[in-house]
**Student:** 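Have a look at this one before I ask anything.
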Protein chains: 2
Amino acid sequence: MTEITTDLYQVKEKMYVATDCIIFGFHEGKLKLLVFKRKVEPLKGESSLIGSFVRLDEDLDVAGRRVLKEATGLENVFMQQLKSYGKKDRDPGYRCISIAQYALIRIDEYDEKLVEEHGAHWYEIDQLPNLILDHNEMVQDAMYQLKHNARYKPIGFELLPEKFTIPQLQILYEAIYQRELDARNFRKKVLSLNVLKKLDEKDKTTSKRGAFLYKFDYENYQKLLTSGYNFEIA
Amino acid sequence: MTEITTDLYQVKEKMYVATDCIIFGFHEGKLKLLVFKRKVEPLKGESSLIGSFVRLDEDLDVAGRRVLKEATGLENVFMQQLKSYGKKDRDPGYRCISIAQYALIRIDEYDEKLVEEHGAHWYEIDQLPNLILDHNEMVQDAMYQLKHNARYKPIGFELLPEKFTIPQLQILYEAIYQRELDARNFRKKVLSLNVLKKLDEKDKTTSKRGAFLYKFDYENYQKLLTSGYNFEIA
DNA sequence: GTAATAAATGTAAAATATACGCTCATTCTA
DNA sequence: TAGAATGAGCGTATATTTTACATTTATTAC
């Protein structure tokens, strides 16, 4: 057996490695978080993020996607590592570190039944219940990260349906930044990024006139990225 | 025994948890990385980051600081979690995930003897040797993170001696960003941040006239932070 | 056909970033 | 001890970006 990672020490102790998922969604103009109810003791009935142990034959990111899929039915969504939480007594039962990963999902796409089976519930981001262990901290950190990332990468689009209007996009960014944005300036800015494809369709659910639908232009985004473009949004 | 973290699964498998340290320094106008030589098989003699298993009774960040101290003798330096590396086969010997943490140290402060004992060597950041396992990736990620962070948090100061001149600070930022900066604009910008205390001393090692020494003003920095100040540098 | 509603557009002022050249303080040496 | 040499330190003009703000337009409902 090879033993590679450490030079300094012989102290080799195994521990549990878990991953917890911070699942963001956007619905009715509100940024929301998917919160679960524990079904087993201890802390049965308490609110919590959804998580799982990482299996020995499973990549870390694969574990996150497995959890997400089992909780929501969704695959191929935006998911990114947030941070590891490794205080020695973070879990009172045994030593376990958790790598938190956060996902951005289109609420119209997830499987409600699956979610219900897990006792899940969407909460508005500023009306969250108290969560077990260090999950509150995870959510806070994820929220910070989301705000930060949304500013430089167009990840906001991951939370919207494939087709969306500029006003919808603005409301999303307002929810992320938790402040109001100027409609004219916002429109100017996002259009100037050249990553939106205007469609010939309109969405008329919010106005009589209707707002044009757009798609995110992944190809052009990639092209601009490699040419060293700056994507500061809003 | 309580079992808290997971709802979904009973699959509970322990694994090794390691931490690897990416140690940046700044010396002679160059950004450098501390690289170690493995002293044990397998891969004996290969270049590597320094790391250790995380102990069962040890917080994750404490483990990072322990490794850093044992490798360099330094405590109380800037250290921050980078990312977890968790591919199932990243270490050919056994399943082990590693949480990479990066440190910024003042090269004039570290204990050379300790470093030598570990077969360590400072490499310029653009002349690194090949490293074992996924350590190259860790360094790349850390470099990206450093560039990014240096832009919004005044972490650059962590790499300089306590007293430094503006031209020195500029050279550091040039090393981090890997491009030249305009001396007049750089000076204007950093001074406008109001986090530098000008001292009455001069450093005359690089010019006849001498350059005034400054200290980073942590107090004022904290004050400005809480008042929501924007710290974009360079 | 008119009232109502949100979508869409433009421009001027303020703030910020960039580009660029000269003087100053000090040391070295002739 | 005068003056040449060197990097430190400063200021201003221009370009770019951000902000603030008001009106018209397309469509539906009555």
Side-chain angles (χ1 to χ4, degrees), chain A residues 28-29 147 150-152 154 160-161 163-175 177-215 224 227-234, chain B residues 28-29 147 150-152 154 160-161 163-177 179-215 224 227-234:
Chain A
E28 293 168 345
K147 276 188 203 183
R151 183 145 192 162
Y152 300 101
L160 291 172
K163 300 173 182 181
F164 53 87
T165 68
I166 306 252
Q168 279 165 19
L169 185 62
Q170 178 179 344
I171 290 165
L172 167 61
Y173 271 87
E174 290 179 332
Y177 294 150
Q178 295 172 309
R179 66 184 170 86
E180 293 192 352
L181 301 171
D182 180 272
R184 287 157 293 190
N185 294 337
F186 181 80
R187 178 181 295 268
K188 247 185 296 180
K189 193 116 179 215
V190 295
L191 289 177
S192 76
L193 297 175
N194 289 117
V195 291
L196 295 188
K197 269 193 292 222
K198 188 175 184 174
L199 305 178
D200 260 344
E201 302 168 68
K202 281 187 167 186
D203 172 305
K204 296 199 173 163
T205 55
T206 51
S207 82
K208 293 168 180 173
R209 178 182 181 175
F212 278 103
L213 286 162
Y214 289 79
K215 269 188 173 180
L224 291 171
S227 72
Y229 201 79
N230 180 25
F231 277 100
E232 208 167 325
I233 300 166
Chain B
E28 292 167 345
K147 276 188 204 183
R151 183 144 191 162
Y152 300 101
L160 291 173
K163 301 173 182 181
F164 53 85
T165 67
I166 306 252
Q168 280 165 18
L169 186 63
Q170 179 179 342
I171 290 167
L172 168 60
Y173 271 87
E174 289 179 333
I176 293 175
Y177 294 150
R179 67 184 171 88
E180 293 191 354
L181 302 171
D182 181 89
R184 287 155 294 194
N185 294 337
F186 181 80
R187 179 182 295 268
K188 248 185 295 181
K189 192 117 178 219
V190 294
L191 288 177
S192 77
L193 298 176
N194 288 116
V195 291
L196 295 188
K197 268 192 292 221
K198 188 175 183 175
L199 305 178
D200 260 342
E201 301 168 68
K202 281 187 166 186
D203 172 304
K204 295 199 173 164
T205 55
T206 52
S207 83
K208 294 166 182 177
R209 179 180 179 175
F212 278 104
L213 286 161
Y214 289 79
K215 270 187 172 179
L224 291 170
S227 72
Y229 200 79
N230 180 25
F231 276 101
E232 207 168 327
I233 298 166

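Order of the sequence lines sets the chain letters (A, B, ...), proteins ahead of strands, with each chain counted from 1.
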**Student:** For a quick test of reading the model, state the closest non-hydrogen atom pair linking B/Leu181 to B/Gln170 and the distance between them.
**Tutor:**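 Scanning both residues, the minimum pair turns out to be O-NE2, 2.9 Å.
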**Student:** Show your reasoning for whether side chain to side chain contact (heavy atoms under 4.5 Å, CB included) applies to B/Tyr214 and B/Lys197.
**Tutor:** CA-CA 5 Å; B/Tyr214 289 79; B/Lys197 268 192 292 221; over 6 Å; no
**Student:** Tell me: CG of B/Asn185 to C1' of C/dG21, nearest whole Å?
**Tutor:**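 Going from B/Asn185 (CG) to C/dG21 (C1'), I get 13 Å.
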**Student:** Grab the CG-P distance between A/Asp203 and C/dA6 for me, whole Å please.
**Tutor:**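 Rounding to the nearest Å, CG of A/Asp203 and P of C/dA6 are 13 Å apart.
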**Student:** For A/Arg187 and D/dA20, give me the distance from atom CZ to atom P, rounded to whole Å.
**Tutor:** 19 Å
**Student:** Before giving the answer on side chain to side chain contact (heavy atoms under 4.5 Å, CB included), spell out for B/Asn185 and B/Lys189 the whole-Å C-alpha distance, their side-chain angles and the decisive distance to 0.1 Å.
**Tutor:** CA-CA 6 Å; B/Asn185 294 337; B/Lys189 192 117 178 219; over 6 Å; no
**Student:** Under the 3.5 Å rule, do the base of D/dT12 and the side chain of B/Lys188 count as making a donor-acceptor pair?
**Tutor:** yes
**Student:** Any N/O pairs under 3.5 Å between the protein and nucleotides 25-30 of chain D? List them or say none.
**Tutor:**
{"unit_1": "D/dT25", "atom_1": "O2", "unit_2": "A/Arg209", "atom_2": "NH1", "d": "2.5"}
{"unit_1": "D/dA26", "atom_1": "O4'", "unit_2": "A/Arg209", "atom_2": "NE", "d": "3.2"}
{"unit_1": "D/dT27", "atom_1": "O3'", "unit_2": "A/Lys204", "atom_2": "NZ", "d": "3.3"}
{"unit_1": "D/dT27", "atom_1": "O3'", "unit_2": "A/Lys208", "atom_2": "O", "d": "3.3"}
{"unit_1": "D/dT28", "atom_1": "OP1", "unit_2": "A/Lys204", "atom_2": "NZ", "d": "3.4"}

**Student:** Closest heavy-atom contact between A/Lys202 and A/Arg209?
**Tutor:** NZ-O, 3.3 Å
**Student:** Quick one: the side chain of A/Arg184 and the base of C/dA7, do they pair up donor-acceptor inside 3.5 Å?
**Tutor:** no
**Student:** Once you round it to whole Å, what is the distance between P of C/dA17 and CG of B/Leu193?
**Tutor:** 10 Å
**Student:** Take atom CG of B/Asp182 and atom C1' of D/dT12, then tell me their distance rounded to the nearest Å.
**Tutor:** 13 Å
**Student:** Grab the CD-C1' distance between A/Gln170 and C/dA6 for me, whole Å please.
**Tutor:** 12 Å
**Student:** Could you report the tightest heavy-atom contact between A/Leu199 and A/Phe212, atom names first, then the distance?
**Tutor:**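 Between these two residues, the closest heavy atoms are O-CD2, 3.6 Å.
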**Student:** CD of B/Gln168 versus C1' of D/dA8: gap in Å, rounded?
**Tutor:** 13 Å
**Student:** Which heavy-atom pair separates B/Leu193 from B/Leu224 by the least distance, and what is that distance?
**Tutor:**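 Residues B/Leu193 and B/Leu224, closest heavy atoms: O-CD1, 3.4 Å.
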**Student:** What's the CG-P distance between A/Leu169 and C/dA6, to the nearest Å?
**Tutor:** 19 Å
